[in-house]
Amino acid sequence: MTIEKKEKPSKELPLGFVDRQEKELLIRDFVISNIKEVMIKYGFQYLETPSFEYSDSIGKFLPDKDRPDQGVFSFKDEKKWLSLRYDLTAPLARYVAKNYLEIPKPFKRYQLGTVWRNEKPGPGRFREFLQFDADFVGTKSLQADAELCVLISEILERCGLSKEEYIIKISSRKITEELFKKIKIDNNEQRLITLRALDKIDRLGWNEVKQLLGKGRKDKSGDFTKGANLSLSNIEIIEKELNKKSPGTKDLLEVFKIFEDYDFSNYEFDSSIIRGLEYYTGPIFEVNLKFDIKNNKGKVIQYGSIGGGGRYDNLVNNFGNYDAPATGISIGLDRLVYALMQKKEFKIKQSKPVVICVFDKNLMKEYISLQKILREADISTEIFPGESKLKKQMEYANKIKAPAVILYGEDEIKSKKPTLRDLNSGKEISVEIKELVNEIKKII
RNA sequence: GCAGCAGUAGCUCAGUUGGUUAGAGCACUAGUUUGUGGAACUAGGGGUCGGUGGUUCGAAUCCACCCUGCUGUACCA
């Protein structure tokens, strides 16, 4: 006799994908509602594009042209390769190129959407996450760049962050561009390695970055990273140039002037902001949190930025002949939410239902009429969803954090006075049905 | 991707000169005479000891490879 073993389906999730609990979702909803209000106030259009795009629509113009397929989830249709979008900027460029003649110029749109990246996940970093993007397409005005920073700032503050808890760091691609001219780097790979190295100044410090600009660097674990192989004199020029405390480029001076007009000051110039992207052409920004973020074991972790962006004047042009200079910013919503959850003072009101206990199925009509009264008063209410002893019903109510239970058994029904038990204090009172709503409101 | 460390019940972990049916706390389920939660007590369920192969009479324990997690690093549109 043979017994076939049944393979049980796996209850594990794919690497980098997570279930999200109510607490997180409610904070996320709160953040999203703030975003929408601010975006409407700033006059942006709401847009949604599909999760999948043809790979070449979003892949061909990837900044790292040397590895266009890396990091993206893709599958082959009968005819073409499709990819899950990895950000909202590439689809926007595609959308603008496709609808160029119909859209207003400039085009201001915002978008909320899930994006997917086939990369190694870490604390607060997943392979599926929600992003928020706001972009101006079709304007060279630096007013747009400045306004993006102002708007992000307003969103963060509405979400409960104080000016001391975040900062917008700003630099410009013009700075590194001029630098590359000065030291005459035209080798693209060398430029990329140099940019990536400079991006790490705040984390590693100059000494380590110099190694990356030169031969390379060995990290704590013993792993070796190849360097850009620049000459010592060039490295010195770079260090001197980037250590300047104020920008020498026209674009940033203008942006800072506009900030003044806006009375916006929660930013700082930081020439080490690079954003690793090849397509940025002007001002670039990064949104950083200034309070400690801990992992689920209570250890403070390197959290990095929660968002960023910049000017990309050539991206739309890649799709055709339309010249549409643009600038945009994006926020990793899940990362922002993860950070907000750590703020002790941050509380989201959750209304949990008052539970009406069931003594006898035959009395259901009574329970439904009580439930109706409460629900009509907009009080979250439920009749215990099951058939259990009273004790189990109480345990259930306790578990779901119900504020109160209503006991309405034979005794109470005789006098038409339900018993209301406050689950926090444990106090019970007997109330007239018409007083029930008022008494419950006192508890909630 | 690279490197270091780790992987025993849902969770936190104990368990070495390799030796009989693998443990605790919390959680879970049922009960403590049945109309009362968050306390206590009793009983119970639950583990191919991350996976596969190897060494051995015998492996949670030793070896190899793989998978997963953590930390750093790389990449990050």
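Just so we're on the same page: letters track the sequence lines, and every chain starts at 1.
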J.: In this structure, how many angstroms lie between the P atom of B:U73 and the CG atom of A:D199, rounded?
T.: 13 Å
J.: Quick one, A:R20 with A:D334, criterion salt bridge (Lys or Arg N to Asp or Glu O under 4.0 Å). Give me CA distance, side-chain angles, the key distance, then yes/no.
T.: CA-CA 10 Å; A:R20 297 182 191 278; A:D334 299 310; 3.7 Å; yes
J.: Within the 4.0 Å heavy-atom criterion, would you say A:N424 contacts the bases, only the backbone, or no part of the nucleic acid?
T.: base
J.: Can you tell me how far P in B:U56 sits from the matching atom in B:U16, rounded to whole Å?
T.: 24 Å
J.: Could you grab the distance from atom NZ of A:K441 to atom CG of A:L374, nearest 0.5 Å is fine?
T.: 10.0 Å
J.: Within the 4.0 Å heavy-atom criterion, would you say A:E208 contacts the bases, only the backbone, or no part of the nucleic acid?
T.: nothing
J.: Please round to the nearest 0.5 Å and tell me the distance separating atom CD1 of A:I152 and atom CD1 of A:I35.
T.: 7.5 Å
J.: Between B:A64 and B:U55, how many Å separate the two C1' atoms, rounded to a whole number?
T.: 11 Å
J.: Mind checking the P distance from B:G31 to B:U36? Whole angstroms is fine.
T.: 13 Å
J.: For atom C1', what is the distance between B:G46 and B:A22, given to the nearest Å?
T.: 14 Å
J.: Can you list the steps and then say if A:Y54 with A:S83 is a side-chain hydrogen bond (donor to acceptor under 3.5 Å, both in side chains)?
T.: CA-CA 6 Å; A:Y54 286 120; A:S83 296; over 6 Å; no
J.: Checking contacts here: which listed nucleotide (B:C76, B:G37, B:G35) is nearest the side-chain heavy atoms of A:R196?
T.: B:C76
J.: What's the closest nucleotide to the side chain of A:T225 if the choices are B:G35, B:U32, B:U73?
T.: B:U73
J.: Taking only the side-chain heavy atoms of A:K399 (C-beta and beyond), determine which of B:C28, B:G37, B:C76 contains the nearest atom.
T.: B:C28
J.: Rounded to whole angstrom units, what separation is found between the CZ atom of A:R127 and the C1' atom of B:C75?
T.: 14 Å
J.: For nucleotides B:C75 and B:G19, find the distance between their P atoms and express it as a whole number of Å.
T.: 48 Å
J.: Please list, in numerical order, the residues of residues 426-434 of chain A that have a heavy atom closer than 4.0 Å to any atom of RNA chain B.
T.: A:G426, A:E428
J.: Check whether any side-chain nitrogen or oxygen of A:R203 sits under 4.0 Å from OP1 or OP2 of B:U73, and answer yes or no.
T.: yes
J.: Which dot-bracket string describes RNA chain B (Watson-Crick N1-N3 plus N6-O4 or O6-N4, or G-U N1-O2 and O6-N3, all under 3.5 Å; [ ] crossing; | other strand)?
T.: (((((((..((((.....[...)))).(((((.......))))).....(((((..]....))))))))))))....
J.: Distance between the P atoms of B:G58 and B:C67, in whole angstroms?
T.: 29 Å
J.: Check whether any side-chain N or O of A:K389 sits under 4.0 Å from OP1 or OP2 of B:G31, and answer yes or no.
T.: yes
J.: To the nearest 0.5 Å, what is the distance between SG on A:C357 and OH on A:Y408?
T.: 14.0 Å
J.: Look at A:K392 and B:A30 and indicate whether a side-chain polar atom (N or O) is within less than 4.0 Å of OP1 or OP2.
T.: yes
J.: Is A:R28 positioned over the aromatic face of A:Y338, cation under 6.0 angstrom from the ring centre and no more than 45 degrees off axis?
T.: no
J.: I need the CE-C1' distance between A:M394 and B:U34, as an integer number of Å.
T.: 16 Å
J.: Is any N or O donor-acceptor pair between the side chain of A:N398 and the base of B:G37 shorter than 3.5 Å?
T.: yes
J.: To the nearest angstrom, how far is A:F126 atom CZ from B:C76 atom C1'?
T.: 16 Å
J.: Which whole number of Å gives the distance between the C1' atom of B:G18 and that of B:G38?
T.: 47 Å
J.: Between A:Y312 and A:D135, do the side chains contain an N or O donor and an N or O acceptor separated by less than 3.5 Å?
T.: yes
J.: Among B:A74, B:G38, B:U36, which nucleotide has an atom closest to any side-chain atom of A:L390?
T.: B:U36
J.: What nucleotide among B:C76, B:U36, B:G35 has an atom nearest to a side-chain atom of A:K391?
T.: B:U36
J.: Do the ring planes of A:Y100 and A:Y322 sit parallel (below 30°), tilted (30 to 60°) or perpendicular (above 60°)?
T.: parallel
J.: Measure from the side chain of A:R217, starting at C-beta and using heavy atoms only, and say which of B:A74, B:C76, B:G35 lies closest.
T.: B:A74
J.: Nearest 0.5 angstrom please: A:E412 CD to A:I433 CD1, how far?
T.: 11.0 Å
J.: For A:D145 and A:T327, which I'm curious about, is there any donor-acceptor pair between the side chains at under 3.5 Å?
T.: yes
J.: Between A:T281 and A:K174, which heavy-atom pair has the shortest distance, and what is it?
T.: O-NZ, 3.2 Å
J.: Check every atom of B:C76, B:A74, B:G38 against the side chain of A:K200 and return the nucleotide holding the closest atom.
T.: B:A74
J.: What is the distance, rounded to the nearest whole Å, between atom CD of A:E119 and atom C1' of B:C2?
T.: 16 Å
J.: Give the rounded distance in Å between these two atoms: CG of A:D202 and C1' of B:U73.
T.: 15 Å
J.: So, is A:R275 near the phosphate of B:C75, with a side-chain N or O under 4.0 Å from OP1 or OP2?
T.: no
J.: Between A:I193 (CD1) and B:A74 (P), how many Å, whole number?
T.: 12 Å
J.: Roughly how far apart, to the nearest Å, are B:C2 and B:C66 at atom P?
T.: 10 Å
J.: Within this structure, what is the CG-to-P distance between A:N362 and B:G35, rounded to whole angstrom?
T.: 15 Å
J.: Hey, can you tell me if A:Y95 and A:F107 have their rings parallel, tilted or perpendicular (30° and 60° cut-offs)?
T.: parallel
